[in-house]
Every structure is written in structure tokens, then in C-alpha cells.
Amino acid sequence: QVQLVESGGGSVQSGGSLRLSCAASGYTYNTYYMGWFRQAPGKGREGVAVIDRDGSATYADSVKGRFTISQDNAKNTLYLQMNSLKPEDTAMYYCAATIWYLTSVQALVSDGYNYWGQGTQVTVSS
């Protein structure tokens, strides 16, 4: 089992920045991918940024150049630095982890993930 706890959400104005954190505990040693997903009201859950155990990252086109995913293996913590935020980035953001092998394309799809955090809300006002 892997437990994930997100933090760092909040309300910012358009153009602002936030950094999300995800503290992982439990059997984290066998996770293959970790990532960030988001879900806006009335929409499906979408992949934002994911990173594999070797540190290779994949981003959704909508956030490329604005968001950066990183991990601190010593602290078992995943981060998402979000810059140049837009109102359309408003959503509940979830941290996820999987023990399954995924390709970089598959890794942005939520179905491939075994473990989820409770989510942290990000609200961007114009």
C-alpha cells in the first residue's frame, strides 16, 4: 500500500504561481510512475504531469513550459511547480502513483494508477 497526501493548493490571480507537494508513505519503493492529475467541475480527470522512477517527465500540452514536476526521493515527496497560472488551470489536483509499467503516453491516463491522494484545490482568478 502507498499513502499519498497533497498540500499547497490555494487561490491565486492569473499569472501567479503555486507549488503543490505530495508526501508519499508506505511501499513507495516499487512505484513506477508518480504524477499529478486534475479535475475541474463537470469535467473528467486529466493528466497534468508525470515522472517515472528514473526521473523522466511527461507533460500535458496545456501545461508545457509553465509547470514543472520533480521528486525528492530522500523525502519521498513529489512536487508540482505551477507558474503563469491561468483561470483554466482551476481544478482539484490529485497526486497518484502506480506500480505498473506504463509507457509515457499511458502514464498521463488516470486508469493506470493504483493509488490516489485526497486532492488539493487550486483556484485561479482572472
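Numbering of residues begins at 1 and proceeds along the displayed sequence.
Heavy atoms of other residues, nucleotides or ligands lying less than 6.0 angstrom from CD of Gln118 number more than 12.
Met92 and Tyr115 fall into different hydrophobic clusters, where Ile, Leu, Val, Met, Phe, Trp and Tyr are joined by side-chain heavy atoms under 4.5 Å apart, directly or via other members. With hydrophobic clusters built from ILVMFWY side chains whose heavy atoms lie under 4.5 angstrom apart, Ile69 does not share a cluster with Tyr33. A single hydrophobic cluster is seen to contain both Leu20 and Val2, as judged by linkage of ILVMFWY side chains at heavy-atom distances under 4.5 Å, directly or through other members. Tracing side-chain contacts under 4.5 Å through hydrophobic residues (I, L, V, M, F, W, Y), one never reaches Phe37 starting from Met34; they form parts of separate clusters.
A donor-acceptor pair under 3.5 Å links the side-chain atoms of Thr98 to the main chain of Gly112, judged by distance alone. Side-chain N or O atoms of Tyr113 include none that pairs as donor or acceptor with a backbone N or O of Trp100 at under 3.5 Å.
Between Asp89 and Lys86, no side-chain nitrogen of the basic residue sits less than 4.0 Å from a carboxylate oxygen of the acidic one, so the salt-bridge criterion is not met.
Scanning both residues, Tyr94 and Gly119, for their nearest heavy atoms gives CD2-CA, 3.6 Å. Pairing each heavy atom of Pro87 with each of Ser126, the nearest pair is CG-CB, 3.9 Å. Nearest approach of Leu4 to Ala24, heavy atoms of both residues: CD2-CB, 3.7 Å.
Expressed to the nearest 0.5 Å, how far OG1 of Thr68 lies from CZ of Arg19 amounts to 11.5 Å. Distance check: Tyr59 OH to Leu80 CG gives 8.0 Å after rounding to the nearest 0.5 Å. Of the inter-residue distances, the one linking Asn30 atom CG with Ile99 atom CD1 reads 5.5 Å to the nearest 0.5 angstrom. Atoms CD and SG, on Gln3 and Cys95 in that order, are 12.0 Å from each other to the nearest 0.5 Å. Atom CH2 of residue Trp36 and atom SG of residue Cys22 lie 5.0 Å apart, to the nearest 0.5 angstrom. Taken to the nearest 0.5 Å, the CZ atom of Phe67 stands 9.0 Å off from the CG atom of Leu18.
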*asked:* The test is side-chain contact (heavy atoms from CB on, under 4.5 Å); show your working for Gln121 and Thr90 and say whether it passes.
replied: CA-CA 8 Å; Gln121 179 67 39; Thr90 295; 4.1 Å; yes
_Step-by-step side-chain contact (heavy atoms from CB on, under 4.5 Å) determination, Leu102 to Val50_ = CA-CA 11 Å; Leu102 300 172; Val50 297; over 6 Å; no
*asked:* Applying side-chain contact (heavy atoms from CB on, under 4.5 Å) to Leu78 and Ile51, what does each step give before you reach the verdict?
replied: CA-CA 9 Å; Leu78 183 72; Ile51 189 166; 3.6 Å; yes
*Determine, stepwise, if the pair Met82 / Val12 fulfils side-chain contact (heavy atoms from CB on, under 4.5 Å).*
CA-CA 11 Å; Met82 304 186 294; Val12 296; over 6 Å; no
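Asn83 pairs by the side chain to side chain donor-acceptor pair (under 3.5 Å) definition with Ser17, Gln81, not counting sequence neighbours.
For residues 42-56, the pairs satisfying salt bridge (charged side-chain N to carboxylate O under 4.0 Å, His left out) are Arg38-Glu46, with sequence neighbours left out. Pairs passing the salt bridge (charged side-chain N to carboxylate O under 4.0 Å, His left out) check and including a residue from residues 3-18, sequence neighbours excluded, do not occur.
Between Tyr32 and Tyr101, the gap from one ring centroid to the other is short of 6.0 Å.
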